[in-house]
Amino acid sequence: MPTPVIGMAGLIDEAESRRTQWFEQEGDRIALLGPSAVSLGGSELLWVLHATMAGPLAPLDLQQERRVHEACRAAIAAGLVRSAHDCSEGGLVVALAESCVSGPRPVGATVEMDDDGGRVDLALFGEGPSRVVVSVRPEAERHFERLMGEFALPWRWLGRVGGEGLVARRGGVTVLSVPLDRLDHAWRHGFERHVA
């Protein structure tokens with residue numbers, strides 16, 4: 001901290017080709033583009049729980065960063081994905097939660113986390129570069145798989161959009177289950193609670 005912020009403006013040739021960060025359609029498949037390497041070093045979790053900024057960051061590979069964003073843009077241009085959300089501040093579970101509640105209506109999701117035997121908090125809240133959560137139209141799943149293969153980048157299916165909350169499982173065991181109304185309230189009223 002402080003994290004530098006870059007503001008940008010641009011033109012989109014076709015307004016219909018834009019994608020939002022929120023999940024739109026139940027039944028869409030959720031994928032994570034990018035590496036699995038994450039860290040709690042310098043993370044929001046470490047700051048929120050311990051008011052500390054310390055520890056090593058996850059490694060950054062600029063070539064992989066480029067491939068991830070090129071692959072994401074290609075999938076969007078091909079009409080394969082409905083939403084795309086960076087997986088940065090707060091880690092994977094925060095990106096998923098925001099995707100569930102930041103749109104016009106809350107939509108749930110169920111995902112299966114990597115079961116590598118590591119720490120659950122790291123899997124849920126670990127932060128790392130070059131990671132994007134996308135929701136893929138069911139009829140486009142095979143096309144999406146082929147496209148990701150062309151870009152030679154790490155990615156994996158996580159789960160599906162739908163349900164009454166955000167559910168994360170690991171090795172078949174539920175490690176997180178939060179109802180949509182609770183997520184929605186926290187996201188929409190968090191700032192005013194923080195400054196009250």
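Here the structure is a predicted model, which is why all the values come from computation and not from measurement.
- Side-chain contact annotation: W157 with E141, donor-acceptor N/O pair under 3.5 Å absent.
- Here D114 contributes atom CG and L122 contributes atom CG; the two are 11.0 Å apart, rounded to the nearest 0.5 Å.
- The NE2 atom of H69 sits 10.5 Å away from the CD atom of Q64 when rounded to the nearest 0.5 Å.
- The structure places CG of D28 at 6.0 Å from CD of Q25, a figure rounded to the nearest 0.5 Å.
- Residues E65 and V68 are not in side-chain contact: their nearest non-hydrogen atoms beyond the backbone lie 4.5 Å or more apart.
- For CZ of R169, the number of neighbouring non-hydrogen atoms (other residues, nucleotides, ligands) closer than 6.0 Å is 12 at most.
- A continuous path of hydrophobic side-chain contacts links V175 to V133 [ILVMFWY only; heavy atoms under 4.5 Å].
- When the side chains of ILVMFWY residues are joined at heavy-atom separations under 4.5 Å, either directly or via intervening members, V111 and W155 end up in two distinct hydrophobic clusters.
- Summarising the local packing, CD of E164 is surrounded by 12 or fewer heavy atoms from other residues, nucleotides or ligands at distances under 6.0 Å.
- Heavy atoms from other residues, nucleotides or ligands lying under 6.0 Å from CZ of R156 number more than 12.
- At most 12 heavy atoms of other shown residues, nucleotides or ligands fall within 6.0 angstrom of atom CD in E14.
- Checked against salt bridge (charged side-chain N to carboxylate O under 4.0 Å, His left out), D181 has no partners two or more places apart in sequence or in another chain.
- When atom types are taken as modelled, the side chain of R82 and the backbone of V134 share no donor-acceptor pair closer than 3.5 angstrom.
- No more than 12 heavy atoms of other residues, nucleotides or ligands shown are found within 6.0 angstrom of CZ on R119.
- Between the R131 side chain and the P35 main chain, a donor and an acceptor come within less than 3.5 Å of each other.
- Residues F125 and V38 have side chains not in contact (no heavy-atom distance under 4.5 Å, counting atoms from C-beta outward).
- Taking 4.0 Å as the cut-off between side-chain N and carboxylate O, R67 and E70 do not count as a salt-bridged pair.
- At a cut-off of 3.5 Å, with distance as the only test, a side-chain donor of S102 or Q21 sits close to an acceptor on the other residue.
- One finds the OG atom of S130 at 10.5 Å from the CD atom of Q63 (value rounded to the nearest 0.5 Å).
- Counting only distance, with no hydrogens or angles, the side chain of R160 and the backbone of G27 share a donor-acceptor pair below 3.5 Å.
- With 3.5 Å as the limit, one finds no donor-acceptor pair spanning the side chains of S83 and T20.
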